[in-house]
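Chain letters run A, B, ... following the sequence lines, proteins first and then strands; every chain starts at 1. Keep in mind it's a predicted model, so treat the numbers as computed, not measured.
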Number of protein chains: 2
Amino acid sequence: MRLTAKSEYGLLALIDLAAHWGLGPISAREIAERQSIPPKFLEQLFVSLRKAGLVTAMRGARGGFVLERTPSEISVLEVVEALEGPLKPTACDGGSLCARSQMCAAATVWNRATAALRDVFDTTTLADLAGAQASIDAQGVDASQA
Amino acid sequence: MRLTAKSEYGLLALIDLAAHWGLGPISAREIAERQSIPPKFLEQLFVSLRKAGLVTAMRGARGGFVLERTPSEISVLEVVEALEGPLKPTACDGGSLCARSQMCAAATVWNRATAALRDVFDTTTLADLAGAQASIDAQGVDASQA
DNA sequence: CGCAATCCCTACCTAAACGGTATGGTATGC
DNA sequence: GCATACCATACCGTTTAGGTAGGGATTGCG
């Protein structure tokens, strides 16, 4: 599995939405500026996130995006898989692509790796991260190097 | 972090070497045939594995490769990092590349993911996998679908 | 000695992907 | 009705993946 800029940007954007939860729709442009994400690139990411059912879009003036569920009900796993596709570390994940398939001891390592990654992502929610970010920001006001 | 064919092939090759541990040098060509790996590509992988200190090369006729240490002393992590470089899931891993660096809650998820992956790879050795493969092969002789 | 086998090194290549940018269309609040 | 948003599609330059090609250096063996 490869984690690309899509996941990084997409997660930052959704943490931002979580932080502004309940304040009505937030525009992609606003998030792009706040998080230093290329605006048109972020628009594309939101298309994937909307199709995955993670955000709702409001079109027109004063439009923007809102989380489809509460921040504590959206996991990082959902975000990552919405943007990168199904989580799997290699081509040889036990599927039919690899000729060695079931008879391959190496596959067990890759599968355990996928499971470990999936567990981390599945047990972390946007609420967790938005909360952590709020703490960081509060600390950072007067002590940016502590 | 991206796991590519290098890791897949490289791990298969070293499991093969582990399975033939103690029988003298095994040629890259022999492993390539046995594991269905493109021969010239495997040669390149062995260069990296040798430079990482995982295998010793014997040149000339009857040459080949031998594991530098016993199979139980070589972890999958070493193999993966020798072939793919340092294990990190994204560009934003807390280094100086990401402008958000220390002040970014998202980075904590990526770091935890890296740690989880590293743990799986670090706690699995070539001896484990060679043993597992031997079991599979023994079972597979008479019951390939069980 | 010669020669075949083997590792070593560099260069090259094609296809795909990444990380965007550009352009226009469509809906909507004010 | 118009600025502000999202929506859709196409394009594009660079890097990487996944090899291939060709030769050079070393060594066991007959």
Expressed as a whole number of angstroms, how long is the span from B/Arg2:CZ to D/dT15:P? 17 Å
The nucleotide from C/dA11, C/dC30, D/dG23 with an atom nearest the side chain of A/Arg62 is C/dC30
Which value, rounded to the nearest 0.5 Å, describes the distance between A/Leu3 atom CG and A/Glu8 atom CD? 9.0 Å
To the side chain of A/Arg50, which of C/dA27, C/dC8, D/dA8 is closest? D/dA8
Send over the distance from A/Leu17 CG to D/dC6 C1', rounded to a whole Å. 14 Å
Check step by step if side chain to side chain contact (heavy atoms under 4.5 Å, CB included) holds for B/Thr125 and B/Ile74. CA-CA 5 Å; B/Thr125 72; B/Ile74 298 180; over 6 Å; no
Between atom CE in B/Met58 and atom C1' in C/dT6, what is the gap in whole Å? 12 Å
Return the nearest nucleotide to the side chain of B/Ser27; candidates are C/dT6, D/dC6, D/dG28. C/dT6
Choose from D/dG18, C/dC7, C/dT21 the nucleotide whose nearest atom is closest to any side-chain atom of A/Pro38. C/dT21
Classify A/Phe65 by what it touches in the nucleic acid, base, sugar-phosphate, or nothing, heavy-atom distance under 4.0 Å. sugar-phosphate
Nearest to the side chain of A/Arg29, which nucleotide is it out of D/dC6, D/dG18, D/dA5? D/dA5
Where the side chain of B/Tyr9 is defined as all heavy atoms beyond and including C-beta, which of C/dG20, D/dG19, D/dA21 is the nearest nucleotide? D/dG19
Between the base of C/dT6 and the side chain of B/Glu30, is one N or O donor paired with an acceptor at under 3.5 angstrom? no
Hey, does the side-chain of B/Glu43 have a donor or acceptor N/O within less than 3.5 Å of a partner on the base of D/dT20? no
Taking atom P of C/dT6 as reference, at what distance in whole Å does atom CD1 of B/Ile31 sit? 12 Å
May I have the distance from B/Leu45 (atom CG) to D/dG19 (atom P), rounded to whole angstrom? 10 Å
Considering residues at least two apart in sequence or located in another chain, which fulfil the side-chain hydrogen bond (donor to acceptor under 3.5 Å, both in side chains) criterion with B/Arg50? none
Atom-pair distance (CG on A/Leu83; P on C/dG19), nearest Å: 12 Å
Per the salt bridge (Lys or Arg N to Asp or Glu O under 4.0 Å) rule, what does the pair list look like for residues 103-122 of chain A, sequence neighbours excluded? A/Glu81-A/Arg118
Of the candidates D/dA17, C/dC8, D/dA3, the side chain of A/Ala61 sits closest to D/dA3
Counting just side-chain N and O atoms, does B/Thr4 come under 4.0 Å of either OP1 or OP2 of D/dG18? yes
In terms of ring plane angle, is the pair B/Phe65 and B/Phe46 parallel, tilted or perpendicular, where the classes change at 30° and 60°? parallel
Name the closest nucleotide to the A/Phe41 side chain, picking from D/dG19, D/dG18, C/dG19. C/dG19
Report yes if a donor N or O on one partner sits less than 3.5 Å from an acceptor N or O on the other, where the partners are the side chain of B/Lys40 and the base of D/dG18; otherwise report no. no
Please tell me which of B/Glu84 and B/Pro39 maps to the more 5' nucleotide of DNA chain D, matching each residue to the nucleotide holding its nearest heavy atom. B/Glu84
Closest listed nucleotide, where the reference is the side chain of A/Arg59 and the choices are D/dC6, C/dC30, D/dA10: D/dC6
Whole angstrom is fine here: how far is it from CD in B/Glu33 over to P in C/dA5? 12 Å
Can you tell which of A/Leu12, A/Ile136, A/Ile15, A/Leu11 makes a side-chain contact (heavy atoms from CB on, under 4.5 Å) with B/Cys104? A/Leu12
Please give, in whole Å, the distance from C/dC13 P to B/Gln44 CD? 15 Å
